[in-house]
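As the structure is a prediction and not an experimental result, all values here were calculated from the model. Chain letters run A, B, ... following the sequence lines, proteins first, then strands; residues in each count from 1.
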There are 2 protein chains.
Amino acid sequence: MTILRSPRLADGTARGIPDATVARLPVYLRALNALAEQGVLSCASGELAEQAGVNPAKLRKDLSYLGSYGTRGVGYDVEYLRYQIAREMGQTQDWDVVIVGVGNLGSALSAYQGFSTRGIRVAALVDADPSRVGTEVSGIVVSPVEQLRAIVAERCISIGVIATPGEAAQEVADRLVEAGITSILNFAPALVQVPDGVDVRKVDLSIELQILAYHEQRKTSTTSRAVKEVGA
Amino acid sequence: MTILRSPRLADGTARGIPDATVARLPVYLRALNALAEQGVLSCASGELAEQAGVNPAKLRKDLSYLGSYGTRGVGYDVEYLRYQIAREMGQTQDWDVVIVGVGNLGSALSAYQGFSTRGIRVAALVDADPSRVGTEVSGIVVSPVEQLRAIVAERCISIGVIATPGEAAQEVADRLVEAGITSILNFAPALVQVPDGVDVRKVDLSIELQILAYHEQRKTSTTSRAVKEVGA
DNA sequence: CCATGTGAATACTTTCACAGCC
DNA sequence: GGCTGTGAAAGTATTCACATGG
């Protein structure tokens, strides 16, 4: 009675796609859309892999977790594969999200063009600041946080975005969870604690730049390091 | 004279800190800053790990790549460890960045409060749209892309941020590279090709939400899966 | 004692290389 | 012949568990 987390169950049913693969499927989807726009009907793993910026073997392995949707000796049907990945990702439906915090970042997110074609719809905006409530941002009227529960229930929203300062993040997360949200994307520079069953992903703008700065530093100090390494 | 860092090459020479560790060091830095603000002078790996949201063993392993900065039986000196990580991350200096694209996202980034305390300074803004050039955003006058090379050279900038629509991303990347930039943070929903020696990190807002949507979808279809798993 | 620092064990990811099928 | 799909190998990352030393 082991709870199988392996990609494949005993009966051969594909289940439990690895995290690393899930993170790449949207990239493949985008690449397939690009190919479809160019009128390409079919493609080999090499072409698709190049479009997606990954190694062809990795691409094939990733796709193999979904099933066998290619044709040996030929490649993949662009439209068919696109549909299969979209289905696996839950993109046959649109996902409504609520954004909490309509400062610079929240406003930018609500105006973001890239969402609509990826099955994401910004359905509601919420802010704690009374001076922002009632204003219109990207065509959506900003609601007070107090209405979060009602909004989430009424519109069946399950994904929330935290775009507030770090200090407010935990309180916002608590409110989102209490309102029934089960997936959170956190842009605030703070860790949030949530109960089991709620997923949180964190995007930290400073950290991305700090990581680049680290590599940058290593590049420019290569000489001194080389000396050290030779000496060791 | 053994300053060898843990991951060794075949000849015993120290290599870089693992990527996964580098990505967490800024998190530890933030946690240490929080502790320092609370007046905490010393902490054990367990406390710091909790603040940072990681397993204590992982924290200790990560820190071990930097050196032995703790005291057995005691823990870590908050200020000392903070300094050591900051030094390793290249945060003893501030890093100037140039943001290309002053739309909603670029404006939000240039106003982002979190950068200054993390050693990041938005030094210049650039846009291809003549109607934006000359306007002031977050106290910085927007320059035309044509001046990119001059700006980068004059201010010794090595990190660039792409905050344009996807279609412009590759051209902007080319211009950044040509201007002398060697690290790029790409927010555009497109892959960019760069020559060797240039680092690119990509943050894709849609993809983060799509990953959440995938897990969300699986949650709501748990019933059928549970049956399947028991059957296996 | 007690918490660090680290080999060893485990888990996950990527890549290789080739059998299998069109 | 050519490309998929996939075991097996190699490479990373995480976690365990305990020797080590203040």
Full working for salt bridge (charged side-chain N to carboxylate O under 4.0 Å, His left out) between B/K219 and A/D199: CA-CA 10 Å; B/K219 276 182 212 164; A/D199 279 335; 3.7 Å; yes
Interatomic spacing from CD in A/E79 to CG in A/N33 - rounded to 0.5 Å: 8.5 Å
Main-chain N/O of A/G106 paired to A/S110 side chain as donor or acceptor, under 3.5 Å: yes
Protein-nucleotide distance (A/R60, atom CZ; C/dT15, atom P), rounded to Å: 12 Å
Check: B/A190 main-chain N/O paired with B/N186 side-chain donor or acceptor under 3.5 Å: yes
Euclidean distance, atom NZ of residue B/K61 to atom C1' of C/dA9 [Å, nearest integer]: 11 Å
Any B/Y76 side-chain N or O less than 4.0 Å from OP1/OP2 of D/dG22: no
B/I17 CD1 - D/dT12 C1' separation (whole Å): 16 Å
Nearest to side-chain heavy atoms of B/R24, which nucleotide of D/dT14, D/dA13, C/dG5: D/dT14
Interatomic distance, A/D62 CG vs D/dG5 P [rounded to whole Å]: 12 Å
Whole-Å distance separating the CG atom of A/L59 from the P atom of D/dT4: 8 Å
Presence of donor-acceptor pair under 3.5 Å, side chain of B/R72 and base of D/dT20: yes
Separation of D/dG5 C1' from A/Y69 OH (nearest whole Å): 14 Å
C/dC22 OP1/OP2 closer than 4.0 Å to side-chain N/O of A/T71: no
Residue met sooner reading DNA chain C from 5', once A/V74 and A/D19 are mapped to nucleotides: A/D19
Proximity to the side chain of B/A44 - top-ranked nucleotide from C/dA3, D/dT6, C/dG5: C/dA3
A/D204/B/R30 ion pair, N-O < 4.0 Å: yes
Closest listed nucleotide, where the reference is the side chain of B/S64 and the choices are D/dG5, C/dT14, C/dT6: C/dT6
Length of the OH-C1' vector between A/Y65 and D/dG5, whole Å: 12 Å
Between D/dC3 (C1') and A/K58 (NZ): distance, integer Å: 20 Å
